[in-house]
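Heads up: the structure comes next, in structure tokens.
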Amino acid sequence: MTFARLFHQFTGVPSQVDGDMEGQQLQQLLNPQRLKSLQEWMQKSSITLTQVNGQRKYGGPPPGWRGPVPGPGCEVFISQIPRDVYEDRLIPLFQSIGTIYEFRLMMNFSGQNRGFAYAKYGDPLTASTAVLTLHHYRLPEGGCLTVRNSTEKRQLRLGDLPTSINQVELLRMLRMMSEGVEEVLLKMAGPKGREFVALVNYSSHYAASMAKKVLVQAFKKQYGISITVKWTSFSKKNHVSETEQEDGTFTPPGPSPLPKPSMTPPLLHPQPSLHDILAHPSVQSFFRAGGGPAGLSRDEMKPQGPVNCDAVTLLQWMCEVNRLGAPKYEVRFHHASSDGFLCFSYEVLIPCFLIPLYGVIQVLPGPSAQATKEEVYRAVAELVIQTICKVSNLRPF
């Protein structure tokens, strides 16, 4: 395949550059061997890449995906990517951590990438493992990747709207112009409260990002209205650069160091102990309503589950038989301590309890990302089981 055809296939830009000066310039800008390697990898792996509005996307969902659409906290932001490194190097690298639901590489019309990408996994813990494992990863081609959790902004701020527009009408208009619109809120803003703006929530960061690229021109073309479209900024202090990178106006800074390791995992914010949480009146009233005493001694309530039982399965079973509702886990990597332990913060919500159980644990790294993930969930489940048994008459078997 000629260079011109390779260029057209991976950029979507028509090209008639064979043998002329423009072709020579593009050939100097791009690496034909890298493009050829990408094409061969796609053919061998049967991978399909779709180019839309400056992004080249894989998956969302990928073939054979059976789980739900990943929620917040499942995506990582990758920067400092060399401009001639493509998906044939990046997707297998991030796939080595866990199954990728979606991978998006930002592209220029020249055929070079823009230096950053997004990888979305099936759950937050796998995403945190990717940050832990691949942050500062040095590519054989040169360059050191920066990997961190994505902010996944989903809200756009539309300004300079006509004051005559109403919420229902605007929602209808937006759903005709973009996908994933969930809700619209109209309000007065600005220094004197005279600016009419809309806050638009989207189903995903990707949907909001695509809408941001088309809404200004769409409003101007279809309605003759000149509006402004920006990301909603919730905190200037914690403003993350990745959305500015999508606009092509920001050069990524150096990576931020992890917090200084400590021998014991820190409490990430003031919080009651797990015993205090389960001793909360709302939780105690539930146990009394279920016929269980709230004041048994700790020795009487010590869990006596079967040996070598999987704690995650055991907690699921306990919740089912006692009609507490299925436990929902949220786990995030915090830091690696100097003695080799990995520290995670966790929160477990059991529907019948009005407040979640949360805290910090530390585990040793396993032989693989999946093994580490399973160990973290087991450790969290064990703590939750012990706490439930200490303040109720529930037993692990």
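Residue numbers run from 1 in the order of the sequence given. In this text the structure is predicted, and so the values were computed from the model without any measurement.
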Pairwise distance CG(L156) to OG(S178) - rounded to 0.5 angstrom: 8.0 Å

Check: R83 main-chain N/O paired with N113 side-chain donor or acceptor under 3.5 Å: yes

Backbone of L38 reached by a side-chain donor or acceptor of E87 within 3.5 Å: no

Short side-chain donor-acceptor distance under 3.5 Å, N201 and E182: no

Check: R148 and V76 side chains under 4.5 Å, non-hydrogen atoms: no

Short side-chain to backbone donor-acceptor contact, H205 and K153, under 3.5 Å: yes

Student check: side-chain heavy atoms of Q316 and P327 closer than 4.5 Å: yes

Minimum side-chain heavy-atom gap Y329-L125 below 4.5 Å: no

Results of side-chain contact (heavy atoms from CB on, under 4.5 Å) for R34 - residues two or more places apart only: N31, D84, V85, Y86, E141

Side-chain donor/acceptor of Q167 to backbone N/O of V184, under 3.5 Å: yes

Distance in Å, E40 CD paired with S45 OG, rounded so as to fall on 0.5 Å steps: 11.5 Å

Atom pair SG/CZ of C343 and F333 - distance to nearest 0.5 Å: 7.5 Å

Distance (rounded to the nearest 0.5 Å) between C74 SG and D123 CG: 6.0 Å

Main-chain N/O of Q43 paired with W41 side-chain donor or acceptor, under 3.5 Å: no

Contact summary for T146 and Q80, nearest pair of heavy atoms: OG1-CG, 3.3 Å

Spatial distance of atom OG (S164) from atom CZ (F196) [nearest 0.5 Å]: 8.5 Å

Side-chain H-bond candidate by donor/acceptor type, E382 with Q386, under 3.5 Å: no

Minimum heavy-atom distance between A119 and F94, given as atom pair plus value: CB-CD2, 4.4 Å

Flag, side chain of R154 to backbone of S203, donor-acceptor distance under 3.5 Å: yes

Polar side-chain atom of S96 near backbone of L93 as donor-acceptor pair, under 3.5 Å: yes

Exam field: side chain Y58 to backbone T50, donor-acceptor pair closer than 3.5 Å: no

Distance flag, aromatic centroids of F77 and Y118, threshold under 6.0 Å: yes

M177 vs Y223 side-chain heavy atoms within contact, under 4.5 Å: yes

Pi-cation contact, Y206 with K57 (under 6.0 Å, within 45°): yes

Straight-line distance of L132 CG to L342 CG, nearest 0.5 Å: 5.5 Å

Side-chain donor-acceptor contact under 3.5 Å, Q55 with Q51: no

Side-chain touch L315/V380, heavy atoms, less than 4.5 angstrom: no

S345 vs E330 side-chain heavy atoms within contact, under 4.5 Å: no

